[in-house]
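One structure below.
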There are 2 protein chains.
Amino acid sequence: MTAIGFEKHDHSHCIADALSAAETRCKAQKLQFTPARRRVLEILLERHRAMGAYEILDILAAEGLGSQPPVAYRALDFLVKNGFAHRIERLNAYAACTHPGEQHVPAFLICRSCKAVAETETGLDSGRLGAAARDTGFVIEKVVVEAEGLCPGCAEAAA
Amino acid sequence: MTAIGFEKHDHSHCIADALSAAETRCKAQKLQFTPARRRVLEILLERHRAMGAYEILDILAAEGLGSQPPVAYRALDFLVKNGFAHRIERLNAYAACTHPGEQHVPAFLICRSCKAVAETETGLDSGRLGAAARDTGFVIEKVVVEAEGLCPGCAEAAA
DNA sequence: CATCACATGTTATAAGATAACGTTCGAGGC
DNA sequence: GCCTCGAACGTTATCTTATAACATGTGATG
């Protein structure tokens, strides 16, 4: 599994694909893909980076989709709960999931220079963390794995 | 490496040890172990769990060591920067380091029920995250690894 | 004893998140 | 058709977390 996020790709295409996939899945699971929810996901897909709730709210407000914090937080909660987006703890921010629908434990590579975020995958209790949990009897339910550093482009620029 | 934090131990002893070790190391590295910094570390060691900055500030305020947020944040910044404490991103909180002085990449096991936090260790670029970073050319500088679940005690109580 | 780095005191405000309440609206049962 | 219930939404207020900015103190060093 490699990270999705730093390589080039047909962006308008991937936005449309992701949105229609989300729509399909919502229909299948009887989830309400309301205008605000749809637009927030679209915003995250367009920007293709981690965004703060208030940054998203500003855009929604400019478009008349709501101007109070709960508007953004409710949409984000929905997207995160249903696997369409992830929360990046380290940044207090949110990013569209790059492989929604699949069951996975996300891990992130965050560039401290250009703020790009790539999503990759890890295991719930693999590696040393899992070993420590088994040793102590700790039951892992969720893990946050977030790496900070320099993305290929910025690393090269810095060298 | 197993997790430190859930097993029983002589607590007053470990506080005193950790404080004097910190004092020694500050002297060696010419760091100023000021009263506020010392007290904040002591508070974290006493409670032996993750604490919010304002929770710590309340204690400092009650003791006349300062009542404004920067007081707590400056002390915490010092402790984190010098490896005496860690910030837990998932909780927006801070905890004393359980093995300061040693070079390490901390990982945390956080009980969602009793809020206890155990610290263990992981690698900077081990596992699948490291593999993804190498594949893409991402340079990892820091990683956040935080697991949430049930500690041995709470898991047993829930079963 | 000047000076410079570092620490502290204080005020103000930024940034992130949620509680609480009433209203709206569509699906399903009657 | 109409009722009713739950999910979503609108709005106000507030809470928590964090930092900017600037003035003051203080101790080591030359």
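Numbers restart at 1 for each chain; the letters A, B, ... are given by sequence-line order, proteins then strands. Since this is a predicted model, take the numbers as computed values, not measurements.
For A:Asn92, the side-chain hydrogen bond (donor to acceptor under 3.5 Å, both in side chains) partners are A:Arg87, not counting sequence neighbours. Taking B:Phe108 as the reference, B:His86 meet the ring-ring contact (aromatic ring centres under 6.0 Å, His included) condition, with sequence neighbours excluded. Under the side-chain hydrogen bond (donor to acceptor under 3.5 Å, both in side chains) criterion, A:Asp17 pairs with no residue at all, not counting sequence neighbours. Not counting sequence neighbours, the partners of B:Glu63 by the side-chain hydrogen bond (donor to acceptor under 3.5 Å, both in side chains) test are B:Arg39. The side-chain hydrogen bond (donor to acceptor under 3.5 Å, both in side chains) search around A:Arg112 returns B:Glu141, not counting sequence neighbours.
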Along nucleotides 10-24 of chain C, 5' to 3', which nucleotides get a B, which get an S, and which get a -, given that the test is a protein heavy-atom distance under 4.0 Å? BB----BBBBB----

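Applying the salt bridge (Lys or Arg N to Asp or Glu O under 4.0 Å) test to residues at least two apart or on different chains, the pairs with a partner in residues 49-58 of chain A are A:Arg49-A:Glu55. Listed by first and then second residue, the salt bridge (Lys or Arg N to Asp or Glu O under 4.0 Å) pairs involving residues 146-156 of chain B are B:Arg90-B:Glu148 (not counting sequence neighbours). Listed by first then second residue, pairs satisfying side chain to side chain donor-acceptor pair (under 3.5 Å) with a partner in residues 65-80 of chain A number zero, not counting sequence neighbours. Every pair passing salt bridge (Lys or Arg N to Asp or Glu O under 4.0 Å) that includes a residue from residues 19-35 of chain B is listed here, sequence neighbours excluded: B:Glu23-B:Arg38.
Atoms CG (B:Asn82) and C1' (C:dA7) sit 14 Å apart, rounded to a whole Å. The CD-P distance, from B:Glu89 to D:dT17, rounds to 14 Å in whole Å.
Within residues 56-64 of chain B, no residue is approached by DNA chain D to less than 4.0 Å at the level of any non-hydrogen atom. Of the residues in residues 19-38 of chain B, those placing a heavy atom less than 4.0 Å from an atom of DNA chain C are B:Gln32, B:Thr34, B:Arg37, in numerical order.
Between B:Ile110 atom CD1 and B:Cys151 atom SG the span is 12.0 Å, to the nearest 0.5 Å.
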